[in-house]
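What follows is a single structure, written as structure tokens, with notes after it.
Predicted, not measured: the structure shown is a model, and the values here were computed from it.
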Amino acid sequence: MSTRKYLVVYEKSKDGYSAYVPDLPGCTSAGVDREEIERNIIEAMTLHLEAMEEEGLTIPEPSSDSQMLVITGS
């Protein structure tokens with residue numbers, strides 16, 4: 001498996017955190033704190049990519065991007 005750099009989106013909820021990878025549909029995870037969710041999503045990504053390889057599926061190239069925008073107003 002080659003090295004790829006995928007965007008991971010973290011969302012805080014009332015119960016902890018969730019994470020997903022836009023370029024890997026279905027690759028999600030959850031955890032009680034940021035440290036746990038980071039470990040969990042790395043494991044989820046690894047397993048997701050391994051399963052895709054085993055099934056002979058094409059591994060998607062990373063294409064998502066992100067930017068933080070500041071919005072001011074009322």
Quiz item: Are Ile59 and Val8 linked, directly or through other ILVMFWY residues, by side chains that come within less than 4.5 angstrom of each other?
Solution: yes
Quiz item: Less than 4.5 Å apart, any side-chain heavy atom of Met52 and any of Pro60?
Solution: yes
Quiz item: What pair of heavy atoms forms the shortest contact from Cys27 to Ile41, and how long is it?
Solution: O-CD1, 4.3 Å
Exercise. Could you tell me whether the side chain of Leu49 reaches within less than 4.5 Å of the side chain of Tyr6, counting heavy atoms only?
Key: yes
Practice problem: Not counting sequence neighbours, list each pair that qualifies as a salt bridge (charged side-chain N to carboxylate O under 4.0 Å, His left out) and has a residue in residues 24-48. | Solution: Arg34-Glu38, Glu35-Arg39
Practice problem: Find out whether Ile37 and Ser18 are in side-chain contact, i.e. whether some heavy atom of one side chain is under 4.5 Å from a heavy atom of the other. | Solution: no
Quiz item: Within the distance-only criterion (no hydrogens, no angle test), does the side chain of Asp23 pair as donor or acceptor with the backbone N or O of Pro62 below 3.5 angstrom?
Solution: no
Self-check item: Heavy-atom side-chain proximity of Met45 to Leu47 below 4.5 angstrom
Solution: no
Quiz item: Only one of Glu53, Glu55, Glu54 forms a side-chain contact (heavy atoms from CB on, under 4.5 Å) with Leu57, so which one is it?
Solution: Glu55
Exercise. Output yes when a side-chain donor or acceptor of Asn40 lies under 3.5 Å from a complementary backbone atom of Ser29, and no otherwise.
Key: no
